[in-house]
Amino acid sequence: MSRVSLEGQVAVVTGAARGVGELLARKLSARGARIALVGLEPDELKQVAQRLHTEADHWHADVTDHEAMARVAREVKERFGKVDIVVANAGVASGGPFVESDPVAWRRVIEVNLIGSAVTARAFLPVLMESRGYLLQIASLAAITPAPMMTAYCASKSGVEAYAHALRAEVGYKGVKVGVGYLSWTDTDMVRGADQDDVMRELRQRLPWPSNKTYPLGPAVDRIVAGIERRSSHVYAQWWLRGMQGVRGYLPSVIGAVGQREMRRFEPRLTSVPTGLVGAGGSADEAARAG
């Protein structure tokens, strides 16, 4: 598939203060795109914007807030004159046994990852229709395979995958392309935050290869950039994720059997697993809501 030059294009990245969003903004900027950063950490977003190679600006907004995101879409259009690319990247995660999970944190994962993605698309689709642009929805390996102790995250990422596929069929005739980006465990604040708990870290390490590894951020984001340049329907941040699509129908029964065995092994230690949002991004989300 041919690549589209990013020179002069305008890209919006949500969850851009750190991790995938921050590095993606830098790499898109290095290819000539002008960048609109959206997130909950204005100081960090400002610093990211100042480090970019091209014209950039930042907006403080909660992706679950319809009015705030509609305002951001208007202001980005006014600031840059158009929008060509939107990457719905903002996300949070929680872990731990579902029965003991914090219901507020569990709901927040769904709200940010699924509802926030839909709010983002609702706000920006009108301008993407004008530019015949591209919406990339960041999903996860968690959309392909279930995982114990990750009920909220798996539900949210399965949801955004299905939603984005449905949206592609709905808006394609308007000239808007929609892609889904899949990442396995990648070296970000979110994954490092989850790994701070011994049980979560050990449980993940007992997954079958290659899903038991943490992958470097740089090559993963390079693959996402290439997917954006191609306006791809499916973008795989790790090479082996494409192959998972062919076997995903078998995974629930396999994970069900293996998961029961591992949960029985870890049961005496499960009460110590934190149930709130993980990582620096989770802390920023909690702080923003508390403020």
Can you tell me if [X] uses its side chain to pair, donor with acceptor, with the backbone of [Y] under 3.5 Å?
X: Thr14; Y: Asn89; value: yes
X: Asp189; Y: Ala280; value: no
X: Asn113; Y: Val92; value: yes
X: Arg168; Y: Val178; value: yes
X: Ser156; Y: Tyr153; value: yes
X: Ser5; Y: Glu7; value: yes
X: Ser158; Y: Ala155; value: no
X: Glu170; Y: Ala166; value: no
X: Lys157; Y: Ile138; value: yes

Determine, using the 4.5 Å side-chain heavy-atom cutoff (strictly less than), whether [X] and [Y] are members of one ILVMFWY cluster.
X: Val83; Y: Ile35; answer: no
X: Ile144; Y: Val258; answer: no
X: Val86; Y: Val112; answer: yes
X: Leu52; Y: Val20; answer: yes
X: Tyr134; Y: Leu6; answer: yes

Using a strict threshold of under 4.0 Å (side-chain N to carboxylate O), is an ion pair present between [Y] and [X]?
X: Arg108; Y: Glu111; result: yes
X: Arg51; Y: Glu22; result: yes
X: Glu41; Y: Arg18; result: yes
X: Lys46; Y: Asp43; result: no
X: Glu161; Y: Arg248; result: yes

Greater than 12 external heavy atoms within 6.0 Å of [X]'s [atom1]:
X: Arg71; atom1: CZ; result: yes
X: Gln50; atom1: CD; result: yes
X: Glu100; atom1: CD; result: yes
X: Arg269; atom1: CZ; result: yes

Beyond-backbone contact of [X] with [Y], side-chain heavy atoms, under 4.5 angstrom:
X: Lys177; Y: Ser233; value: no
X: Leu135; Y: Leu167; value: yes
X: Met149; Y: Phe266; value: no
X: His58; Y: Val48; value: no
X: Arg31; Y: Gln9; value: no
X: Ile228; Y: Ile85; value: yes
X: Val38; Y: Val13; value: no
X: Met69; Y: Val63; value: yes

Practice task
Take Ser29 and Thr54, measure what side chain to side chain donor-acceptor pair (under 3.5 Å) needs, and give me the verdict at the end.
Solution key: CA-CA 6 Å; Ser29 175; Thr54 52; 2.8 Å; yes
[atom1] of [X] to [atom2] of [Y]: how many Å apart, nearest 0.5 Å?
X: Lys174; Y: Leu128; atom1: NZ; atom2: CG; answer: 13.0 Å
X: Phe80; Y: Glu75; atom1: CZ; atom2: CD; answer: 11.5 Å
X: Leu40; Y: Glu286; atom1: CG; atom2: CD; answer: 11.5 Å
X: Ile224; Y: Ser232; atom1: CD1; atom2: OG; answer: 11.5 Å
X: Thr64; Y: Ile115; atom1: OG1; atom2: CD1; answer: 9.0 Å
X: Thr214; Y: Arg201; atom1: OG1; atom2: CZ; answer: 10.5 Å

Provide the closest heavy-atom pair for [X] versus [Y] in the form atom of the first, atom of the second, distance.
X: Pro148; Y: Met263; value: CB-SD, 4.0 Å
X: Gly159; Y: Leu114; value: C-CD1, 3.7 Å
X: Gly218; Y: Leu23; value: CA-CD2, 3.8 Å
X: Pro97; Y: Leu270; value: CG-CB, 4.0 Å
X: Ala164; Y: Val180; value: CB-CG2, 3.6 Å
X: Val104; Y: Arg289; value: CG1-NH1, 4.1 Å

Exercise for the section: With side chain to side chain contact (heavy atoms under 4.5 Å, CB included) as the test, would you mind laying out the steps for Ser184 and Leu141 before giving the verdict? Expected result: CA-CA 5 Å; Ser184 183; Leu141 171 63; 3.7 Å; yes
Problem - Trp106 and Thr151: side chain donor to acceptor below 3.5 Å - result: yes
Problem - Check: Tyr215/Trp240 side-chain N/O donor and acceptor closer than 3.5 Å - result: yes
Handout entry: Evaluation steps, side chain to side chain contact (heavy atoms under 4.5 Å, CB included), between Val4 and Glu229
Key = CA-CA 5 Å; Val4 175; Glu229 290 175 328; 5.6 Å; no
Exercise for the section: With sequence neighbours left out, write down each residue that passes salt bridge (Lys or Arg N to Asp or Glu O under 4.0 Å) with Asp102, or none if nothing qualifies. Expected result: none
Practice task
Verify side chain to side chain donor-acceptor pair (under 3.5 Å) between Thr186 and Gln238, making sure each step is shown before the conclusion.
Solution key: CA-CA 9 Å; Thr186 304; Gln238 285 83 28; 3.2 Å; yes
Handout entry: Residues Val12, Phe124; criterion side chain to side chain contact (heavy atoms under 4.5 Å, CB included); working and verdict
Key = CA-CA 9 Å; Val12 177; Phe124 282 98; 3.8 Å; yes
Practice task
Look at the aromatic rings of Tyr182 and Tyr236 and report parallel, tilted or perpendicular, splitting at 30° and 60°.
Solution key: parallel
Exercise for the section: Could you please spell out the steps behind the side chain to side chain contact (heavy atoms under 4.5 Å, CB included) verdict for Val76 and Glu78? Expected result: CA-CA 5 Å; Val76 171; Glu78 292 169 1; over 6 Å; no
